[in-house]
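Okay, so here's the structure we're looking at.
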Amino acid sequence: MSDRAPQPVERQLPTEEARDLLALVREIAQREIAPKAAEEEDAGRFPREVFTLLSASGLLGLPYPAEYGGGDQPYEVYLQVLEELAAARLTVGLGVSVHTLASYALATYGSKQQQVEHLPAMLGGGLLGAYCLSEPSSGSDAASLRTKAVREGDTWVIDGSKAWITHGGIADFYTVMARTGEDGPRGITAFLVPADAPGLSGATPERKMGLKGSPTAQVHFDGVRVPDGRRIGEEGQGFSIALSALDSGRLGIAACAVGLAQAALDEAVRYATERRQFGRPIADFQGLRFMLADMVTQIEAGRALYLAAARLRDAGRPFAKQAAMAKLHCTDTAMKVTTDAVQILGGYGYTADFPAERYMREAKVLQIVEGTNQIQRMVIARHVAGPEDR
């Protein structure tokens, strides 16, 4: 066994409470998540019991107020928790990020009465959420969504379909963007829809290249009746709520990407320091050493970028550009690092006996979800050069 095994990530955390929290997360990840990850991903099994444990441990509502069952933690801490979970199994890290995204609208724009009534169960009551914005014909162009909500007295009737929904068909609640008015972004309203509402159904999950344990499915709304008390924010405010949620959600994806890349780096280091060729560890060869140096540099840069954006958010300052930059850089880094990890393992990296090939397959989707990286470049460019001429 080599004495040059991967070292734990050195983290700069703001409080002793945060350090204890990260220690708890690492313990859960190592004991309950990582040992089953490969087998359950291969079987396409979603670990609902893990999310029940995370909820009971106070880890599903970390960035939200303690008075509603949240953890009152800054994003700087919450994102590092996500990174640790994603390093153990991306299905879990991404699932916590999506649940946080689904809770965002009510936690940020809901009325006091709505928050008192719903948030405790959402944040610490064992529930799991999903976020419904994309549709079969409107992905990147989310403002053209067609799902409609028509008002009938004090009730809204929702008809339409959402696509590419993480936790679609298994979630307990859905934050849904639906058209209530004119075409375009100003005619969209947000709703909190319970999963047991009559007329709501999940389709057969998509067959995916990776992340097989995390169900992604269309969600259909066939005359789903929702009381006006479950409308979030004002009529027509839904698109701005959705974009605000995505700014924070992109930081979650960035942190998950860094966690996945870190797991791939650790596997590559472990293998390279143990595998011997020509009488010495392959980690002694300069070409491979330079690959490892580039991998760790890219990961550290990504971590610094998402944490810088998180600290802006925590300070109440604008962070949309930095969130897009973090999502872009961190997910591109995850794709590059996982691909290099497969290369370092050689033929073994291409087999399912080692996790490197799974990491590479999982990394690809992070460049697509919550705004493709091409969209992130458009967002960043608008901040730098202004809007495109029309």
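What you are looking at is a predicted structure, and each value in this text was computed from that prediction instead of being measured.
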Quiz question: by atom type and distance under 3.5 Å, do the side chains of [X] and [Y] form a donor-acceptor pair?
X: His220; Y: Ser201; result: no
X: Thr147; Y: Glu135; result: yes
X: Gln262; Y: Asp266; result: yes
X: Thr91; Y: Ser214; result: no

Check whether any side-chain heavy atom of [X] lies under 4.5 Å from a side-chain heavy atom of [Y], and answer yes or no.
X: Lys162; Y: Pro136; value: no
X: Glu267; Y: Phe354; value: yes
X: Met295; Y: Leu292; value: yes
X: Leu21; Y: Leu59; value: yes
X: Tyr350; Y: Leu345; value: no
X: Val226; Y: Thr155; value: no
X: Leu22; Y: Val77; value: yes

Between [X] and [Y] (side chain of the first, backbone of the second, donor and acceptor by atom type, cut-off under 3.5 Å), is there such a pair?
X: Gln277; Y: Ile282; answer: no
X: Thr297; Y: Ala293; answer: yes
X: Ser244; Y: Ser240; answer: no

Under 4.0 Å between a side-chain nitrogen and a carboxylate oxygen: does that hold for [X] and [Y]?
X: Glu274; Y: Arg270; answer: no
X: Arg225; Y: Glu152; answer: yes
X: Glu206; Y: Lys212; answer: no
X: Arg358; Y: Glu362; answer: yes

>> Parallel, tilted or perpendicular: which one describes the rings of His99 and Phe173, with boundaries at 30° and 60°?
In response: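 Geometry flag for Phe173 against His99: perpendicular rings.
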> Below 6.0 angstrom between ring centroids: does that apply to Tyr104 and Tyr131?
Replying inline: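 No: the rings miss the under 6.0 Å criterion.
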> Can the ring centres of His118 and Tyr68 be said to be less than 6.0 Å apart?
Replying inline: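 Ring centres of Tyr68 and His118 not closer than 6.0 Å.
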> Does anything in residues 187-214 pair up under ring pair (Phe, Tyr, Trp, His ring centres under 6.0 Å), and if so which pairs, sequence neighbours excluded?
Replying inline: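 Applying ring pair (Phe, Tyr, Trp, His ring centres under 6.0 Å) to every pair that reaches into residues 187-214, excluding sequence neighbours, yields Trp156-Phe191.
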>> Show me the pairs that pass salt bridge (Lys or Arg N to Asp or Glu O under 4.0 Å) and involve residues 111-123, at least two apart or across chains.
In response: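 For residues 111-123: Glu67-Lys112.
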>> If the condition is salt bridge (charged side-chain N to carboxylate O under 4.0 Å, His left out), which residues does Arg146 pass it with, not counting sequence neighbours?
In response: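 For Arg146 there are no salt bridge (charged side-chain N to carboxylate O under 4.0 Å, His left out) partners, ignoring immediate neighbours.
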